[in-house]
J.: 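Handing you this structure, nothing more for now.
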Amino acid sequence: MKNKQMLMGAVLAASTLLNAGMANASPVTIAIGTGSAWELGSGWGAACSDSACDSAHSLLNVAWAVDPGLSTITFALNHVGDSHSVRFGSASFAEENALLDADETDHLTLSAILALKSPLFAATSHQALVTASSGLLKDRGSPNTDLQIAFESILFDFGTGGEIKIEFSPLAWNCQGENHCLYGHPVDNLIDVRFTLMAESTASTTLPPASVSSVPEPASLLLLAVGLTGVCVSRRNRPQPAPI
């Protein structure tokens, strides 16, 4: 009976050590690097500042910018399911007149390039689905979306089994009202990017191997506990020498 109690106690101790190791799992550090950018197709033009900026009426006039503080951002995701959003940049829609010609809705490929320096040095490319509707920008009546953009999300792998979901916020312009989305009244949209920890890595990607404190696997802890208990039982059952 005592031997059984000793075994159960050792297993319980091993379970406590395992839970403590899991609770103290290292957070995943996300650091944005330099080099984030927009990649634009030939159908995009700069935001207009006057009525003569796109005399051929062949470009969709949107100014795309990356937030100047993006490359200084660092944060941590502590547990699976944790999310954090940062400002990636902005887009300002300003046409030369209140009419989108059919030629202004072609060749509108778009990608957001995100540069990372932790947990890995890498760059992710997020292609966008762009929908531009030709016609009047200041149409009245029911809401009419003149320009709509949705970015693909990416699952970013790091370490051994680690996974982060990266999502960009969608954009939409509904240019209702006089002069909305024109050179005299540009309409801005802000673009955020959200990081969600989907799976933790089983190996560190931010510290050198010599600096990592390994956490025993569950089977190792159990074997250690059973082994220690066996030693105790063996010592207890060893025949005692006869008195002299």
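The chain is numbered in sequence order, starting from 1.
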J.: Does a donor on one side chain sit under 3.5 Å from an acceptor on the other, for His57 and Glu104?
T.: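 Side-chain D/A pair, His57 to Glu104: absent.
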J.: Applying a strict under-4.5 Å side-chain criterion to I, L, V, M, F, W and Y, I'd like to know whether Trp64 and Leu190 cluster together.
T.: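 As far as the 4.5 Å side-chain criterion goes, Leu190 and Trp64 are not connected within one cluster.
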J.: Where the side chain of Asp103 meets the backbone of Asp106, is there a donor-acceptor pair that is under 3.5 Å apart?
T.: no
J.: Test side chain to side chain contact (heavy atoms under 4.5 Å, CB included) on Leu137 and Leu100 and set out the steps.
T.: CA-CA 7 Å; Leu137 290 176; Leu100 278 187; 3.8 Å; yes
J.: Going through the distances and angles, do Glu96 and Cys48 end up as a side chain to side chain contact (heavy atoms under 4.5 Å, CB included)?
T.: CA-CA 6 Å; Glu96 75 280 1; Cys48 289; 3.8 Å; yes
J.: Does Glu39 reach the main-chain N or O of Ile113 with its side chain, forming a donor-acceptor pair under 3.5 Å?
T.: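 No.
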J.: So Ile32 and Leu114, side chain to side chain contact (heavy atoms under 4.5 Å, CB included) or not? Walk me through it.
T.: CA-CA 8 Å; Ile32 313 297; Leu114 175 65; 4.2 Å; yes
J.: Do you know which two heavy atoms are closest between Gly33 and Ser71, and how far apart they sit?
T.: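 Scanning both residues completely, I find the closest heavy atoms to be O-CB, 3.4 Å.
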J.: Do Asp188 and Phe93 have side-chain heavy atoms sitting under 4.5 Å apart?
T.: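 They are not in contact (no side-chain heavy atoms under 4.5 Å apart), so the answer is no.
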J.: Which pairs pass disulfide (SG to SG under 2.5 Å) with one or both residues in residues 61-110, sequence neighbours excluded?
T.: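 For residues 61-110: none.
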J.: Going only through I, L, V, M, F, W and Y residues with side-chain contacts under 4.5 Å, is there a path from Leu70 to Leu120?
T.: yes
J.: For the backbone of Thr109 and the side chain of Trp44, can you confirm whether one donor and one acceptor N or O come within less than 3.5 Å of each other?
T.: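 Flag set: sc Trp44 to bb Thr109 pair under 3.5 Å.
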J.: For the residue pair Trp38 and Phe88, is the inter-centroid distance of their aromatic rings smaller than 6.0 Å?
T.: yes
J.: Hey, could you give me each pair passing side-chain hydrogen bond (donor to acceptor under 3.5 Å, both in side chains) that has a residue in residues 162-171? Not counting sequence neighbours.
T.: Glu167-Arg194
J.: Side chains of Ile30 and Leu77: does their closest heavy-atom pair fall under 4.5 Å?
T.: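 Yes, side chains in contact.
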J.: Not counting sequence neighbours, which residues clear salt bridge (charged side-chain N to carboxylate O under 4.0 Å, His left out) with Lys117? List them please.
T.: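 With neighbours one apart ignored, the set is empty.
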J.: Can you find a pair of side-chain heavy atoms, one from Met198 and one from Val80, that are under 4.5 Å apart?
T.: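 Result no, sub-4.5 Å side-chain heavy-atom pair not found.
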J.: Side chains of Gln127 and Ser111: does their closest heavy-atom pair fall under 4.5 Å?
T.: yes
J.: Would you mind reporting whether Trp173 and Thr145 have side-chain heavy atoms less than 4.5 Å apart?
T.: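 No, side chains not in contact.
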J.: Test of understanding: clusters of I, L, V, M, F, W, Y form through side-chain heavy atoms closer than 4.5 Å, transitively. Do Leu59 and Leu110 belong to the same one?
T.: no
J.: For Gly161, does its backbone N or O pair with a side-chain atom of Asp157 as donor and acceptor, under 3.5 Å?
T.: no
J.: Using only atom types and a distance under 3.5 Å, with no angle test, would you say the side chain of Thr202 pairs donor to acceptor with the backbone of Thr160?
T.: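 Between the backbone of Thr160 and the side chain of Thr202 there is a qualifying donor-acceptor contact (under 3.5 Å).
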J.: Does any N or O in the side chain of Asp67 come within less than 3.5 Å of the main-chain N or O of Gly69, such that one atom is a donor and the other an acceptor?
T.: yes
J.: Parallel under 30°, tilted from 30 to 60°, perpendicular over 60°: which one fits the rings of Phe168 and His126?
T.: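 If you compare the ring of Phe168 with that of His126, the planes turn out tilted.
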J.: Tell me whether Tyr183 is reachable from Val62 by hopping between hydrophobic residues (I, L, V, M, F, W, Y) whose side-chain heavy atoms are closer than 4.5 Å.
T.: no
J.: When you compare the side chain of Thr105 with that of Leu60, does any pair of heavy atoms fall below 4.5 Å?
T.: no
J.: Show your working on side chain to side chain contact (heavy atoms under 4.5 Å, CB included) between Ile149 and Asn189 and close with a plain yes or no.
T.: CA-CA 11 Å; Ile149 299 171; Asn189 256 318; over 6 Å; no
J.: Are Leu129 and Phe151 side-chain neighbours, meaning at least one heavy-atom pair lies under 4.5 Å?
T.: no
J.: Measure from the ring center of Phe195 to the ring center of Phe75 and say whether it is less than 6.0 Å.
T.: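 Centroid distance Phe195-Phe75: below 6.0 Å, so yes.
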J.: Less than 4.5 Å apart, any side-chain heavy atom of Asp192 and any of Val86?
T.: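 Answer no - side chains too far apart.
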